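Residue numbers begin at 1 in each chain, while the letters A, B, ... track the order of the sequences. Only a predicted model underlies this, so the values are computations on that prediction, with no experimental measurement involved.
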2 protein chains.
Amino acid sequence: MGVTKTQNFTQEQNQVATYAKALAHPARIAILQYLLKKQTCICGDLVEELPLAQATVSQHLKELKAIGLIKGTVEGTSVCYCIDQHKWEEVRDVLLNLFSSPVACQDSCC
Amino acid sequence: MGVTKTQNFTQEQNQVATYAKALAHPARIAILQYLLKKQTCICGDLVEELPLAQATVSQHLKELKAIGLIKGTVEGTSVCYCIDQHKWEEVRDVLLNLFSSPVACQDSCC
DNA sequence: TTAATATATCGCAATGATACGATTAATGTT
DNA sequence: AACATTAATCGTATCATTGCGATATATTAA
C-alpha cells in the first residue's frame with residue numbers, strides 16, 4: 001500500500017522515525033554541517049555549496065524547516081538560515097535516549 | 001528523477017544519511033526497542049509484537065540486517081535476532097559526532 | 001516420507017521521495 | 001515604474017518505500 005501505519009506505533013517510535021527521516025539524505029546532512037561550520041546564519045550562498053539545483057535545495061530546506069530543525073529569516077532579497085538550538089538539542093536527546101540503552105546480548109548468546 | 005546523487009556528497013554525509021534512513025520507520029524503531037528491552041536474542045515472537053503482516057516484518061528486519069545493525073542466527077525452525085553491539089555503538093557514535101557540534105547561532109543573531 | 005511450523009522471497013499496488021525546469025512572489029536597485 | 005536578484009512553489013518524471021497475499025524454503029515433528 002505504501003502507507004506507513006503510523007497510528008499503530010507509539011508516539012516515541014514515530015518521533016524517532018520522523019527525526020531520523022529528516023536526516024536521511026546526504027544533502028540535508030551537508031546543509032546542517034555547513035550551518036554548524038559557519039558559526040552563524042547563512043544568508044544566500046547555500047545553493048552554491050551544494051551539487052543540486054536551486055529548487056531541490058529549497059525543497060530540502062523546507063523539510064528541515066518542517067520539523068523545526070532550522071529556521072529562516074527574510075533579510076532583504078535573501079533568507080538567512082540558522083539551526084534552531086532547542087530543536088537541535090531535542091533531536092540529539094531523542095536519538096541519544098534510544099542509543100543509551102546498553103546492548104545486553106553479547107557475541108556468545110546466539 | 002528520484003535518484004539520490006550519492007556520489008556528489010562526502011562519505012561521512014552518506015554514512016549519516018544511510019544510518020538515519022535505517023531508523024526512519026517506526027516499525028524498525030519498535031523492533032530495536034524490543035530487542036533492547038528483552039535483554040537477549042529474540043527467537044520467533046517478533047511478528048506477534050508488531051502490528052504488521054509477517055512479510056512486512058521480515059522486510060524491515062532485512063533492512064536492519066542490511067546495514068548490520070542486527071544479526072540473525074538460524075535456530076531450528078525459527079531465527080534468533082540480536083542487536084550487533086559493535087554496529088550499534090558505531091551508529092550511536094556517528095550520530096553523536098554530528099550532534100556534538102555546538103550551535104553557535106543564538107536567538108539574537110538573525 | 002509426510003505434515004507442521006517459521007521465515008524469506010516474489011509479485012503487485014499504492015504512496016512517498018528525489019530532482020529539476022519553469023514560474024511565481026517578494027524585495028532591493030536604478 | 002521597470003529591472004534585477006533571490007527564494008519558494010508548481011508541475012512532472014522517475015525511482016524508492018511500504019505493505020501484504022501468495023509462494024518458496026528450511027527445519028522439526030509425527
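For Arg28(B) (side chain) and Leu61(B) (main-chain N/O), no donor-acceptor pair under 3.5 Å exists by modelled atom type.
Rounded to an integer number of Å, the gap from Arg28(A) CZ to dT18(C) C1' is 9 Å. Summarising the geometry, the separation between CD1 on Ile31(A) and P on dA19(C) is reported as 11 Å, rounded to the nearest angstrom. Between the CG atom of Leu64(A) and the C1' atom of dA7(D) there is a distance of 16 Å, rounded to whole Å. Atoms CG (Leu50(A)) and C1' (dT18(C)) sit 14 Å apart, rounded to a whole Å. The nearest whole Å value for the distance from the NZ atom in Lys5(A) to the P atom in dT17(D) is 20 Å.
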Contacts under 3.5 angstrom, residues 47-56 of chain B side chains, donor-acceptor by atom type, not counting sequence neighbours:
none

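Remark: Thr10(B) engages Glu12(B), Gln13(B) in a side chain to side chain contact (heavy atoms under 4.5 Å, CB included) (not counting sequence neighbours). Here Arg92(B) pairs with nothing under the salt bridge (charged side-chain N to carboxylate O under 4.0 Å, His left out) rule; sequence neighbours left out. Partners of Tyr19(B) by ring pair (Phe, Tyr, Trp, His ring centres under 6.0 Å), not counting sequence neighbours: none found.
Below 30°, between 30° and 60°, or above 60°: for His25(A) and His60(A) the angle between ring planes is between 30° and 60°, a tilted geometry.
Considering only heavy atoms from C-beta on, Val103(B) stays 4.5 Å or farther from Asp84(A) through its side chain. Thr73(A) has its side chain out of reach of Tyr81(A): every pair of non-hydrogen atoms, C-beta onward, lies at least 4.5 Å apart.
Of all heavy-atom pairs spanning Leu95(B) and Val16(B), the tightest one is CD2-CG1, 4.3 Å.
Less than 4.0 Å separates DNA chain D from at least one heavy atom of each of the following residues of residues 11-25 of chain B: Lys21(B), His25(B).
Both Pro51(A) and Thr77(A) lie close to DNA chain C; mapped to their nearest nucleotides by heavy-atom distance, the more 5′-ward contact belongs to Pro51(A).
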Show me the protein contacts with nucleotides 8-10 of chain C, counting only N or O atoms at under 3.5 Å.
from, atom 1, to, atom 2, distance (Å)
dA8(C), OP1, Lys65(B), NZ, 3.2
dA8(C), OP1, Tyr81(B), OH, 2.3
dA8(C), OP2, Ser58(B), OG, 3.0
dA8(C), OP2, Tyr81(B), OH, 3.3
dA8(C), N7, Gln54(B), NE2, 2.8
dA8(C), N6, Gln54(B), OE1, 3.0

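At the heavy-atom level, Glu48(B) lies nowhere under 4.0 Å from the strands shown.
For dG19(D), one of the phosphate oxygens OP1 or OP2 lies less than 4.0 angstrom from a side-chain nitrogen or oxygen of His60(B).
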